[in-house]
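Treat the numbers as computed from the prediction; the structure is a model and nothing was measured.
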Amino acid sequence: MPRISYSKSKNSKMYYIIEDYYRNGKRTTRKIQTIGNTSKITELANNENLDVNTWLKNYLDKFNKEYKKNDEPEEIVIKKFSNKLIPKNVINKFNIGYLFLEDIYYSLKIDKIASFVSQKYKFKFDLNEVLSYLVFSRIIYPSSKLKTFELSQNFLETPKYNLENLYRGLTYLNMDLDYIQKQLYNNSKAVVDRNTSIIYFDCTNYYFDINEETDFQKYGNPKDKKPKPLVGMGLFMDGKGLPVAMNIFPGNASETKQLIPLQEKIVKDFDLEIKETIICTDAAMCTDEIKNFNIKDGRSFVITQSIKKLKVEYQNEVFEDGDWRIIGDLKNTYKLEDILNDDELRTLHYETIFYKIVQTETAHVKQDLIVTFQIKYRDYLRNVRAGQIDRARNKISSTEKGKKIKLSVNPNDFRRLIKEDVKAVIKEVKKKKKNNEDSNSLNKEEEEKTSYLYSYSINQDVIKEEEKYDGYYGLTTNLIGDIAEILNIAKNRWEIEESFRILKTDFDSGTIHLSREDRIKAHFLTCYISLLIDRILEYKLDHKYTNTKILEKLREMEVYEEKGSGYSPAYVRDDLSDDLHNVFNFRTDYEIISYNKFKEIFDLAKKKVKNDIIK
């Protein structure tokens with residue numbers, strides 16, 4: 001509320017109307033209007049036969065009435081001086097992109113979850129503040145915990161916790177890891193539609209830059225064969241691409257042993273709308289145990305199957321050229337050889353997906369093997385390999401003759417295509433004389449030393465073997481129904497790969513710098529919460545924008561503080577920023593936004609006021 005204030009000089013007083021405002025929870029004041037000095041106000045009061053105090057009171061009452069009823073936009077003049085230095089060590093530019101994340105954070109009632117954990121373990125610091133800024137920083141300023149603490153000062157609402165609170169908070173978060181995930185999922189159903197009729201699962205690895213393994217950070221058997229201790233992450237995702245649950249396990253633990261325990265846990269503890277789920281995962285999970293579990297209690301599976309790893313009898317059925325069909329055409333069958341050898345047919349069916357069904361079984365499960373073939377997919381794989389062959393040739397030609405090249409069996413590494421031939425060369429080397437050996441001795445003792453010469457060429461056998469499988473894709477299932485629907489389930493598995501990309505690339509979740517198991521797990525919990533919020537934001541924006549584009553905009557959205565007046569936007573307004581404001585019912589893109597207006601936005605994001613649009 002505006003009020004009268006004054007400043008004293010040697011011979012007079014200068015009167016103002018001032019107003020309180022809050023900046024980061026601290027009250028300060030700004031000058032709204034200069035009224036005049038003592039002599040001017042005395043003269044005006046005498047003209048109305050009033051004393052100075054009464055005149056000032058009447059003036060303020062009249063000002064307040066006009067101030068309240070004036071709905072016209074306020075013109076704010078900001079004074080800047082060309083010879084006045086800005087203050088040292090004062091931040092005057094702040095990120096506000098986190099406000100949209102904050103809205104989702106409080107919609108998920110994560111503050112209530114943090115409050116439950118705080119009450120359970122009876123500690124005093126604000127766990128919700130610690131957790132919220134770890135999440136916002138992971139999305140806006142991904143970095144180590146120490147750097148996160150420093151960069152969080154760049155948010156418009158700067159946190160008050162200290163670094164000790166941050167590390168203790170990680171410990172407490174880990175103590176209720178399962179509870180937090182369960183509540184997150186249950187609360188999310190009020191924020192966004194969930195589809196648990198289909199559940200996707202996959203695993204990924206996180207490496208640690210340490211030389212010795214610990215009880216948790218273990219050497220494993222990863223696909224990329226990096227010689228570093230690691231931990232694994234298993235992630236469940238629903239049919240809409242939203243995370244459901246995750247677990248973190250030691251690097252030497254088998255990925256195939258992670259799925260069933262976590263699946264049992266979410267079926268038992270989570271309030272799933274549909275418990276008869278279809279589990280979809282990649283070929284690494286193509287085990288009899290997983291399939292046998294997922295044919296019970298109404299569950300089903302759709303699991304990628306490597307054609308290379310099929311039994312010979314099943315491979316023979318796959319490559320037997322006949323009985324290929326086209327989706328939607330149940331009358332006709334095709335021979336791939338007829339199509340591949342006819343230019344016109346090959347052009348006509350370049351993007352056609354052919355399929356055949358082979359009856360197979362594991363130790364306990366009878367299943368359909370659905371195999372697809374597409375000429376376009378075949379050509380894509382061959383184009384990729386052609387580039388790898390070029391890289392292999394370059395590597396061979398650039399290596400000094402006779403020197404060794406480090407080879408690889410990784411299916412994505414071009415060095416798998418290099419063939420090595422080794423020739424042993426035996427040389428006679430004079431043996432060194434001992435100190436007491438007679439230099440004139442006629443005995444000549446010599447030793448043999450073996451060295452190796454290496455030669456390299458392109459491994460045509462590997463290329464020929466790989467080409468045999470080009471264009472083919474397999475999956476196993478116990479579902480009986482529309483082939484197109486089953487293939488579509490498998491097709492959408494890319495969403496979980498996208499989630500891992502977001503975690504590792506956009507959120508830099510591999511930057512950990514933690515050694516304790518409890519804190520490592522809590523770190524990944526904060527990354528998981530960040531991923532959930534991020535993907536809900538994509539959903540709320542109707543998937544109109546890529547995740548990368550959204551993150552760029554959130555990180556770009558900053559404001560300058562105009563001391564005493566408010567904040568002016570320092571970002572480019574575009575369709576994405578307009579959509580963000582429209583979805584979340586507040587605006588930060590006016591030429592200047594007052595302190596009080598931002599306080600209203602804070603309250604809205606934290607669900608302290610009704611969700612009416614703030615203009």
Side-chain angles (χ1 to χ4, degrees), residues 95-105 108 110 131-152 154-155 181 184 188 192 200 202-209 224 230-238 240-246 248 492-514 520-558 571-572 574-577 579-580 583-584:
N95 179 274
I96 57 167
Y98 78 95
L99 290 169
F100 306 100
L101 308 173
E102 188 173 58
D103 187 286
I104 298 173
Y105 179 96
L108 291 168
I110 302 177
L131 179 55
S132 61
Y133 280 92
L134 283 174
V135 169
F136 304 153
S137 297
R138 181 56 50 189
I139 298 173
I140 304 294
Y141 302 121
S143 54
S144 67
K145 295 294 174 285
L146 178 60
K147 196 66 177 176
T148 291
F149 178 72
E150 296 171 359
L151 291 173
S152 63
N154 293 327
F155 291 121
Q181 291 188 73
L184 273 172
S188 72
V192 65
Y200 295 88
D202 204 351
C203 294
T204 192
N205 296 320
Y206 287 92
Y207 294 92
F208 289 78
D209 194 17
D224 51 11
L230 59 96
V231 300
M233 170 188 276
L235 179 66
F236 272 114
M237 185 189 78
D238 72 8
K240 290 185 178 290
L242 301 173
V244 175
M246 67 99 194
I248 304 298
N492 288 334
R493 204 175 60 80
W494 71 271
E495 288 273 15
I496 201 163
E497 298 292 344
E498 171 69 358
S499 290
F500 283 139
R501 188 202 63 78
I502 292 169
L503 282 170
K504 290 190 169 185
T505 303
D506 294 334
F507 294 171
D508 194 19
S509 56
T511 300
I512 304 172
H513 303 310
L514 298 167
I520 291 171
K521 287 183 175 180
H523 160 78
F524 284 113
L525 174 66
T526 64
C527 294
Y528 171 82
I529 296 172
S530 302
L531 177 66
L532 176 61
I533 289 174
D534 175 77
R535 307 232 69 176
I536 288 176
L537 179 56
E538 278 189 276
Y539 186 88
K540 283 181 170 288
L541 291 168
D542 294 327
H543 299 281
K544 287 172 61 178
Y545 308 95
T546 64
N547 189 265
T548 300
K549 189 74 174 177
I550 294 170
L551 292 177
E552 286 175 353
K553 178 54 64 177
L554 295 179
R555 292 165 183 172
E556 171 200 324
M557 294 185 77
E558 295 180 319
Y571 61 88
V572 176
D574 55 19
D575 290 341
L576 175 50
S577 65
D579 284 343
L580 284 166
V583 167
F584 290 95

### Message
Test of understanding: with ring-ring contact (aromatic ring centres under 6.0 Å, His included), list the residues that count as partners of Y98, not counting sequence neighbours.
### Response
F136, F155

### Contacts of type ring-ring contact (aromatic ring centres under 6.0 Å, His included), residue Y528, not counting sequence neighbours
none

### Message
Checking D238 against Y200: is there a side-chain donor and acceptor pair closer than 3.5 Å?
### Response
no

### Message
Is a donor from one side chain sitting under 3.5 angstrom from an acceptor on the other, for Y206 and S509?
### Response
yes

What residues, two or more places apart in sequence or in another chain, satisfy side-chain contact (heavy atoms from CB on, under 4.5 Å) together with [X]?
X    : value
L230 : N205, Y207, P222
S530 : V135, R138, I139, F507
F208 : I210, Q217, V231, I512, I520
K147 : S143, S144, E150, L151

If you look at every heavy atom in [X] and [Y], which pair is closest and at what distance?
X    : Y    : value
S188 : L108 : CA-CD2, 3.5 Å
Y141 : T148 : O-OG1, 4.4 Å
R535 : G241 : CD-O, 3.5 Å
L576 : K549 : CD2-O, 3.7 Å

Check whether [X] reaches the backbone of [Y] with its side chain - one donor and one acceptor, N or O, closer than 3.5 Å.
X    : Y    : result
Q181 : M246 : yes
E558 : I96  : no
K553 : T548 : no
T526 : H523 : yes
S577 : D574 : yes

### Query
Taking R501 as the fixed residue, which of D202, D508, D534, D506 is the one that meets the salt bridge (Lys or Arg N to Asp or Glu O under 4.0 Å) rule?
D506

